[in-house]
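Reckoned from all heavy atoms, side chains included, excluding hydrogens, waters and symmetry mates. Each ligand, and each atom within it, is numbered from 1 in the order the structure gives. If you read the sequence from its start, that first residue is 1, and numbering goes on from there.
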Amino acid sequence: MARDNTQTDLHLPRHIAVVMDGNGRWARKRGMPRQFGHRSGVKAVRAIVRRCGELGIEHLTLFAFSSENWSRPQEEVTGLMKLFLDALQREVAELHENDVRLKFVGDLSRLSDRLQAGMADAEQLTADNTGLALQIAVGYGGRWDIVNACQRVAEQVQAGELDPADIDETSIDCSLALGDCPDPDLMIRTGGEKRISNFLLWQFAYTEFLFSDVLWPDFDAAALDASLQEFANRHRRFGGVRTLPTEEVG
Ligand code: FPP
């Protein structure tokens, strides 16, 4: 993947998280079934992964299927699972060639054995890659993640490895599904809705949110670049005060 230098003067996020919304509406506008929208969504995933690689973004986390998405009609759930399996079979070799490290996060236990095995193989194949770290959230819910982390911490306490008085943010943080990633700097949600839908509840404490009306299948490299431009213009204070450039301070 060739490195693109055209945006290097921008302050880029280390970690981008994306809620890929709008596939169904995109398909409906074309008089097509929802699955057509999801399939087109995979093309947008490809474009965004490529662009993040070109820009040297370190982490990209995509919300592909939430813990609540299991309640969608069976036909849609089956279609999405088939799409994930197809995408694994078609895309992993190229991702590996491009030095992408893949990780699947979420409660994967409800997925088929075949899908779980494909995910584990893809993670193993790409584990030593040092380019873009691509996390795909499947069967993921932010509350599930926090409960899971609490259970892990409780196990450490029960085993006598941790004193309850020593439990701190780091104890929880490193027990979360994205424990080895920095918190997202930027969350992009496409499709016009302005909510986080049980995505990375803990990790979004100081994330910048950007809501786009573009439907996910239309979200391309140019749309990502525009989002990055907007991110670069934000002033992040992390609860502190804004530091003015020296000349403004006088
Ligand atoms: C939300 O749009 C989208 C999903 C629940 C599925 C997202 C999946 C993909 C983009 C494809 C596969 C991804 C990978 C990583 C291979 P929606 O169906 O809620 O759209 P709507 O709000 O317009 O109905």
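- Under 4.0 angstrom from ligand 1, the non-hydrogen atoms of N23 come from both its backbone and its side chain.
- Aromatic ring orientation, W144 versus Y140: perpendicular (interplanar angle above 60°, classes split at 30° and 60°).
- Listed by number with element, the atoms of ligand 1 under 4.0 angstrom from any heavy atom of N69 are 5 (C).
- Taking R30 as the reference, nothing meets the salt bridge (Lys or Arg N to Asp or Glu O under 4.0 Å) condition, with sequence neighbours excluded.
- Other residues, nucleotides and ligands contribute more than 12 heavy atoms inside 6.0 Å of the CG atom of D166.
- The aromatic rings of F238 and Y206 lie tilted to each other, with the angle between the two planes from 30° to 60°.
- Judged purely by atom type and a 3.5 angstrom limit, D99 has no side-chain atom pairing as donor or acceptor with the backbone of N129.
- Note on ligand 1: W216 sits in its first shell, one or more heavy atoms being nearer than 4.0 Å.
- Ligand 1 places these atoms under 4.0 Å from at least one heavy atom of V42: 11 (C), 12 (C).
- Partners of D180 according to the salt bridge (Lys or Arg N to Asp or Glu O under 4.0 Å) rule, which considers only residues two or more places apart in sequence or in another chain, are K103.
- A salt bridge between D220 and R51 is absent, with no side-chain N of the basic residue lying under 4.0 Å from a carboxylate O of the acidic one.
- When A64, A87, A137, G41 are checked for heavy-atom proximity to atom 8 (C) of ligand 1, A64 turns out nearest.
- Residue R72 places a heavy atom under 4.0 Å from ligand 1.
- With respect to atom 4 (C) of ligand 1, the closest heavy atom belonging to the protein is H38 CE1, 3.9 Å.
- Heavy atoms of E193 come nearer than 4.0 angstrom to ligand 1 in no pair at all.
- Scanning the protein for heavy atoms near atom 17 (P) of ligand 1, the closest one is D21 OD1, 3.5 Å.
- For W26, no heavy-atom contact with ligand 1 is shorter than 4.0 Å.
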